[in-house]
Amino acid sequence: MQEHSFLAHVLIFLVAAVFAAALFRKLRFSLTLGFLAAGVVIGPHGLGVVVDTATTHALAELGIVFLMLLIVLELSVERLIVMRRMVFGLGVAQVLVTGALIGLVAHFTGLRIGASIVIGVGLAFSSTAVVLQVLSERGELATRWGRACVAVLLLQDLAVVPMLTLVPALAGETVSIGAAIGMAALKAAVAFGVIYFGGRLVLRPVMRIVAATRTAELFSATTLLVLLGSAWITGQAGLSFALGGFLAGTLLAGTEYRHQVATDMAPYEGILLGLFFMVVG
């Protein structure tokens, strides 16, 4: 029964996606808005066609991973190096300034300082999937504005971990803030090291061996292994799946097969990302 229920949910989402994409493309609106609207219509607060979205939520999150992979494949290594400075400069400034302003407003409404900090920083974060999808549709990813947005989003993904460790302490629980942040930083460093340095040593020779077989299925399976493996490692470290997709993209972009990877992964990204937006709606 669970298998039939899962398949029924997927079919409903796909039917809604087809109608929403056709309608909103005809109206020349963003597909992202169309998928969100479709999710609202079929969701529990709309027609109630889909009540429990837990069965498709995990699958939908993979859309963000594929999106991050394809975004990074479109960026050159030189641009990523420049973006590294923007991540910890512009990104930190955006989170701190926006979080402080929203936190002050929340505090003036009567909330205590701990709750104001959580609300301020939480609302300072943006949706990686929504922003990147809009930039991709407008063709602005390669622009200076687009690179700045990507840098800020990456910093926000990194900032989620220390923020989650601060919540128990701000709630008054007996948790050492320094120890919690230190452990989160250690786990993040280990995840980065395993993915980046391990990938650079192993990935290129493996991809050459796989490409030499001239088997498209094996090549696609290897790419999926790198992508989902990176997402799993960052997830185990308490980081976002999207960050794993970004790291996998940087590794695959450094090989001579980046264009083949982009071609093979593009169909998955579109379908899964549309499913993600409908689940959100």
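Only this structure's heavy atoms are used, side chains among them; waters, hydrogens and symmetry mates stay out.
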Peer 1: Consider only side-chain heavy atoms of I, L, V, M, F, W and Y, link residues closer than 4.5 Å, and tell whether L123 and V97 are in one cluster.
Peer 2: no
Peer 1: Hey, quick one: are V261 and V206 part of the same hydrophobic cluster, counting side-chain heavy atoms closer than 4.5 Å, chains of contacts allowed?
Peer 2: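 Same hydrophobic cluster.
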Peer 1: For A124 and G99, work out which heavy atoms get closest and say how close.
Peer 2: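 Of all heavy-atom pairs spanning A124 and G99, the closest is CB-N, 3.7 Å.
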Peer 1: Quick check against the 3.5 Å criterion: does S220 have a side-chain atom that pairs as donor or acceptor with the backbone of E217?
Peer 2: no
Peer 1: Quick check: closest heavy atoms across A38 and A16, and the distance to 0.1 Å?
Peer 2: CB-O, 4.0 Å
Peer 1: For residues W232 and L252: do they belong to one hydrophobic cluster (side chain heavy atoms under 4.5 Å, members Ile, Leu, Val, Met, Phe, Trp, Tyr)?
Peer 2: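 W232 clusters together with L252.
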Peer 1: How close do R112 and H107 get, counting heavy atoms only, and between which atoms?
Peer 2: C-ND1, 4.0 Å
Peer 1: Check whether any side-chain heavy atom of F125 sits under 4.5 Å from a side-chain heavy atom of V95, and report yes or no.
Peer 2: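 Heavy-atom side-chain distance check passes, below 4.5 Å.
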Peer 1: Any chance you could measure T222, atom OG1, to I209, atom CD1, to the nearest 0.5 Å?
Peer 2: 10.0 Å
Peer 1: Where do A248 and S230 come nearest, in terms of heavy atoms and distance?
Peer 2: CB-OG, 3.7 Å
Peer 1: Out of curiosity, Y257 OH to T263 OG1, how far, rounded to the nearest 0.5 Å?
Peer 2: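 Y257 atom OH to T263 atom OG1 measures 14.5 Å (nearest 0.5 Å).
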Peer 1: Under the side chain to side chain contact (heavy atoms under 4.5 Å, CB included) rule, what do Q260 and T223 come out as? Steps first, then yes or no, please.
Peer 2: CA-CA 10 Å; Q260 183 62 40; T223 303; over 6 Å; no
Peer 1: Quick check: do F219 and R214 have side-chain heavy atoms less than 4.5 Å from each other?
Peer 2: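 They are not in contact (no side-chain heavy atoms under 4.5 Å apart), so the answer is no.
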Peer 1: Decide whether L227 and L218 are clustered together by the hydrophobic rule: side chain heavy atoms of Ile, Leu, Val, Met, Phe, Trp, Tyr closer than 4.5 Å, transitively.
Peer 2: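 As far as the 4.5 Å side-chain criterion goes, L218 and L227 are connected within one cluster.
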Peer 1: Any link between F19 and V40 through a network of hydrophobic side chains (Ile, Leu, Val, Met, Phe, Trp, Tyr) touching at under 4.5 Å?
Peer 2: no
